[in-house]
Asks: 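Take this structure, written in structure tokens, and hold onto it; I'll ask about it next.
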Amino acid sequence: FTGTVSGTGFDLLATIDASPSASTYEWSMNYTDYTDFQLIVEKISGSSTSSSENLDVKFKFDGTLDNGASTPYNLDANIVGTTGVRAANNVDNCEWMYTNNPSLHWGGIVDCYNFGPNNSFAIMNSVITGVTTNGQQAYHYVSGTDQNVGARITAMRIAFTAGNVDTVKLKIYGVKS
């Protein structure tokens, strides 16, 4: 390969280093020049020490949480290395991990596709891993919208099923076409 390729690759759009200590945490995904993203999650943790919490994810569609629908999401997940499988359609949120302890260190990679205004079925493909009371555990998720909404994903919101979101460290990269 020789020559220069311009306008391709990843652009660092944002670095988030927050300590919200709140029930939810939300960040902007409103980048009009991009429809596909990669999130590098360095750390997400929460205040609950229960081993049965989920890390829930919701979208804002053109600024409206859940696009005004009560169950706009779907998800398919497995705990890597086990037979644990989770599948649900028409649910109230996506997830990045389930039935585990939020107070431990969670991180990974989340690929986001079709977040633009004229795309259908926004999708996330993620691998989130953490050190748990039973050792390290990894979750592989494919989740996203259940409906073709024709709207831009303008923000993402995370919450644990109990307790607060205490730490959010991540980088948002835009994927150039």
Asks: Drop me the distance from Asp33's CG to Lys176's NZ, to the nearest 0.5 angstrom.
Replies: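 Here the interatomic distance stands at 8.5 Å.
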Asks: Do the ring centers of Phe115 and Tyr31 come within less than 6.0 Å of each other?
Replies: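 Not under 6.0 Å, so no.
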Asks: Between His140 and Asn125, do the side chains contain an N or O donor and an N or O acceptor separated by less than 3.5 Å?
Replies: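 On atom types as modelled, these side chains qualify, holding a pair under 3.5 Å.
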Asks: Strictly by salt bridge (Lys or Arg N to Asp or Glu O under 4.0 Å), give each pair with a member in residues 39-57 just once, sequence neighbours left out.
Replies: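 Non-adjacent pairs meeting salt bridge (Lys or Arg N to Asp or Glu O under 4.0 Å): Glu42-Lys171.
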Asks: Measure from the side-chain N and O atoms of Thr145 to the backbone N and O of Pro72, and report whether any donor-acceptor pair falls under 3.5 Å.
Replies: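 Side chain of Thr145 to backbone of Pro72, a donor-acceptor pair under 3.5 Å: no, none is there.
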Asks: Can you tell me which residue among Tyr113, Phe59, Phe37 is in a side-chain contact (heavy atoms from CB on, under 4.5 Å) with Met124?
Replies: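 For Met124, the side-chain contact (heavy atoms from CB on, under 4.5 Å) test succeeds with only one of Tyr113, Phe59, Phe37, which is Phe59.
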Asks: How long is the straight-line distance from CD of Glu95 back to OG of Ser126, given to the nearest 0.5 Å?
Replies: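 Going from OG on Ser126 over to CD on Glu95, the span is 10.5 Å.
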Asks: Has the side chain of Trp106 got a donor or acceptor atom that lies under 3.5 Å from a matching backbone atom of Asn101?
Replies: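 Here the side-chain-to-backbone pair exists.
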Asks: As an exercise, state the distance from SG of Cys94 to CD1 of Ile158, rounded to the nearest 0.5 Å.
Replies: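 Between atom SG of Cys94 and atom CD1 of Ile158 there are 13.0 Å.
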Asks: With distance as the sole test, does Asn67 use its side chain to make a donor-acceptor pair with the main-chain N or O of Ala69 at under 3.5 Å?
Replies: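 Checked: no pair found.
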Asks: Taking atom CD1 of Ile79 and atom CD of Gln137, what is their separation to the nearest 0.5 Å?
Replies: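 So the CD1 of Ile79 and the CD of Gln137 are separated by 4.5 Å.
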Asks: Are Tyr141 and Ile128 close enough that some pair of their side-chain heavy atoms sits under 4.5 Å apart?
Replies: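 No. Closest side-chain heavy atoms not under 4.5 Å.
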Asks: Between CZ of Phe160 and OG1 of Thr24, what distance do you get to the nearest 0.5 Å?
Replies: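 Answer rounded to 0.5 Å: 12.0 Å.
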Asks: Given the rule in the side-chain hydrogen bond (donor to acceptor under 3.5 Å, both in side chains) test, do Ser50 and Ser52 qualify, once you have shown the distances and angles that lead to the verdict?
Replies: CA-CA 6 Å; Ser50 169; Ser52 61; 3.0 Å; yes
Asks: Counting only heavy atoms not in Lys58 (residues, nucleotides, ligands), do more than 12 fall under 6.0 Å from its NZ?
Replies: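 Yes, the 6.0 Å shell around NZ holds more than 12 heavy atoms from other groups.
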Asks: So does Ser23 get a backbone contact from the side chain of Asn164, meaning a donor-acceptor N/O pair under 3.5 Å?
Replies: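 Yes: the side chain of Asn164 pairs with the backbone of Ser23.
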Asks: Determine, step by step, whether Phe10 and Val175 satisfy the side-chain contact (heavy atoms from CB on, under 4.5 Å) criterion, reporting the C-alpha distance in whole Å, the side-chain angles of both residues, the deciding distance to 0.1 Å, and the verdict.
Replies: CA-CA 5 Å; Phe10 291 90; Val175 181; 3.5 Å; yes
Asks: If every non-hydrogen atom of Val165 is compared with every non-hydrogen atom of Pro20, which pair is closest and at what distance?
Replies: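 Looking at all heavy atoms of both residues, the closest pair is O-CG, 3.3 Å.
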Asks: Using 0.5 Å steps for rounding, measure from the OG1 atom of Thr71 to the CG atom of Asn93.
Replies: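 Nearest 0.5 Å value for the OG1-CG distance: 11.0 Å.
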Asks: So, does Ser47 use its side chain to make a donor-acceptor pair with the main chain of Gly163 at under 3.5 Å?
Replies: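 Looks like no, no N/O pair under 3.5 Å.
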Asks: Between Asp36 (side chain only) and Asn114 (backbone N and O only), is there a donor and an acceptor less than 3.5 Å apart?
Replies: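 Between the backbone of Asn114 and the side chain of Asp36 there is a qualifying donor-acceptor contact (under 3.5 Å).
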Asks: Looking at every heavy atom in both Leu104 and Ser45, which two are closest together, and how far apart are they?
Replies: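 Smallest heavy-atom distance, with atoms named: O-CB, 3.6 Å.
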Asks: Classify the ring geometry of Trp27 against Tyr25: parallel below 30°, tilted from 30° to 60°, perpendicular beyond 60°.
Replies: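 The rings of Trp27 and Tyr25 sit tilted, inter-plane angle from 30° to 60°.
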Asks: So Met29 and Tyr34, do their side chains get closer than 4.5 Å, heavy atoms only?
Replies: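 Heavy-atom side-chain distance check fails, nothing below 4.5 Å.
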Asks: Work out which heavy atom in Asn54 is nearest to a heavy atom in Thr99; give both atom names and the distance.
Replies: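 Nearest heavy atoms, Asn54 then Thr99: OD1-N, 3.0 Å.
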Asks: How far apart are the C-alpha atoms of Asp92 and Asp66, what are their side-chain angles, what is the distance that settles it, and do they pass the side-chain contact (heavy atoms from CB on, under 4.5 Å) test?
Replies: CA-CA 8 Å; Asp92 65 349; Asp66 301 331; over 6 Å; no
Asks: Can you check whether Ile153 reaches Phe61 side chain to side chain, under 4.5 Å on heavy atoms?
Replies: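 Side chain of Ile153 against side chain of Phe61, heavy atoms only: contact under 4.5 Å found.
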Asks: Kindly write out the residues that satisfy ring pair (Phe, Tyr, Trp, His ring centres under 6.0 Å) with Tyr98, not counting sequence neighbours, or none if the list is empty.
Replies: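 Ring pair (Phe, Tyr, Trp, His ring centres under 6.0 Å) list for Tyr98, sorted by chain: Tyr139.
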Asks: List the steps, then state whether side-chain contact (heavy atoms from CB on, under 4.5 Å) holds for Ile109 with Val41.
Replies: CA-CA 6 Å; Ile109 296 175; Val41 181; over 6 Å; no
